[in-house]
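To start, the structure under review is shown below, and the notes come after it.
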Amino acid sequence: MTNLLQHLPQGPPQAPGPELITAIPGPRSTAWIDQLVRYECPAITARRSRRSEQTGIDQDPIVWERAEGANIWDVDGNRYVDLTGAFAVMAMGHSHPAISGAIAEQSRRLIHGMGDVFPSVPKIELSRRLAEVTPGDLERSILAQSGAAAVEAALKTAVMATGKTGVIAFHGAYHGLSYGALGATAYRRSFREPFRAQFNPQVVHAPYPGADGGPYPATEQGAQRSLEYLEYLLASPATGVGSVGAILFEPIQGRGGEITPPGSWVRGLRRLADRHGLVLIADEIYSGLGRTGRWFACEHYGVVPDILCVGKALGGGLPVSAAVGRRSVMDAWGHSQGEAIHTSTFLGNPVGCASALAALDVIASERLVPRAATLGAWLHGELLALKRRHPERLGEVRGRGLMLGLPVQDANGAPDGFAGLRVVDGMLKRGYLMLPSGVHGHVLAFAPPLIISRDQLAGALEALDLVLSELE
Ligand SMILES: Cc1ncc(COP(=O)(O)O)c(C=O)c1O
């Protein structure tokens, strides 16, 4: 570990820890939240007063004012360290000057294009860059503005390529919340229940190896049994190969709790898809673009999917996503006959594409992919040490690179979402922004900007140690 430490990149010169000058949340945050709740649908932003006793959360959110690198400032002037990457988006750090510069320059030149009718140069360049950065022969893209829309573009492509509308997806999966994506999402029951009748009825969910409480552990044997079950699903009259056209999976489950399946399972999915003529769709919206220590998590397993979905970090903070597919699969759409049968008003927005190009350049030029691998290996070791200090409270460290999870458990070793939320709250009060993940909300997720410094992470670990001690 000492050796690894010596070789760790130090991060940006200005990489301060938290500085809190008011109670959290401060008075200005509270005043803004008071205003927000009058005008926003109440389902969106959670308030302390609206939260049930069960959740254990005892504070209102803070309101963000600005951000730089791995630091966020709220409207009261408090400075935080961001361990969330703002939903794993800001891999290259907040307000990166190269990205802000590209956005400013493009916004002076051309803000909006006409995606499928009159494309702009940044859209064309981004399409080429995506073919270059994605593995294997992935080459042709459909651009979109959210992760969910990229997943839906991939699912539609699978229908065009196979003529089949059935989909195999996995328990614990998070693919987004718009209808098509939500039909495949199986993360929280409450997300799906009111809308269930409107979903594609041909989505079948199978257990993901390593899932909390699931039947298949993340072992070779678990992988084998899961693959046998999928074979059985494909052979069964209800869901047989006659109707299934796609397998949609996350190479590492993100919101599901940073769950890493065995490589043999992912390679087995590839073989299964090949044997049955299915389109293998890897959702790398969370895991892609360096977060796991490779450009794409699929590369850890030596697998090239037929379609790879990318989003979050792609836009450098602007909403840009894409489904990038093999030529043969994408060409199943046929040629546009003048009116594209799949498009949207903002498809290939020039400012978004310019920002994405700058983000991809930053990831490459600042060597953020190897940085995520090295810093992630160090953080993984530190989390193991933390687990040794709190053996009753913490489960096994999961994930790869800077996509790591630390499960919080109760005295019986069961997932403890209530305690997880208390830890997240305790960290916020110490100036560290964290989110819980996992179907029970019990996993402390680490998805910081990849430029975060080792010192900032070390400060977070110290704070976490204290917060965990207070739980006992
Ligand atoms: C793996 C994965 N897919 C899809 C999505 C949905 O992306 P969006 O919220 O941009 O629609 C997410 C969001 O967290 C995700 O983690």
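One is the number of the first residue; the rest follow in order along the sequence. Remember, it's 1-based here, ligands and their atoms both numbered in the order they're listed.
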Inset, instruction - Determine which pairs satisfy ring-ring contact (aromatic ring centres under 6.0 Å, His included) with at least one residue from residues 346-373, sequence neighbours left out, and list them in order. - result: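 Listed by first then second residue: His112-Phe346.
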Inset, instruction - With a 4.0 angstrom cut-off on heavy atoms, strictly below it, pick out the residues next to ligand 1 and order them by chain and number. - result: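 These residues qualify: Ser146, Gly147, Ala148, Tyr174, His175, Gly176, Glu250, Arg255, Asp283, Ile285, Tyr286, Lys312.
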Legend entry - Side-chain ion pair, Arg270 and Asp274, N-O less than 4.0 Å: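 Salt bridge present between Arg270 and Asp274.
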Legend entry - SB check Arg129 Asp361 (cutoff 4.0 Å):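 Answer for the salt bridge query: yes.
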Name each donor-acceptor pair under 3.5 Å that joins a side chain in residues 166-180 to protein atoms two or more places apart or in another chain, with its distance.
from, atom 1, to, atom 2, distance (Å)
Tyr174, OH, Arg255, NH1, 3.2
His175, ND1, Asp283, OD2, 2.7
Ser178, OG, Glu152, OE2, 2.7
Tyr179, OH, Gln198, OE1, 2.4

Listed pairs under 3.5 Å, donor-acceptor, residues 311-324 side chains, sequence neighbours left out:
from, atom 1, to, atom 2, distance (Å)
Lys312, NZ, Phe87, O, 3.1
Ser321, OG, Ala144, O, 3.4
Ser321, OG, Ser146, N, 3.2
Ser321, OG, Ser146, O, 2.6

Inset, instruction - Could you verify whether a donor N or O on one side chain and an acceptor N or O on the other, from Glu68 and Ser95, lie under 3.5 Å apart? - result: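 No - no donor-acceptor pair under 3.5 Å links their side chains.
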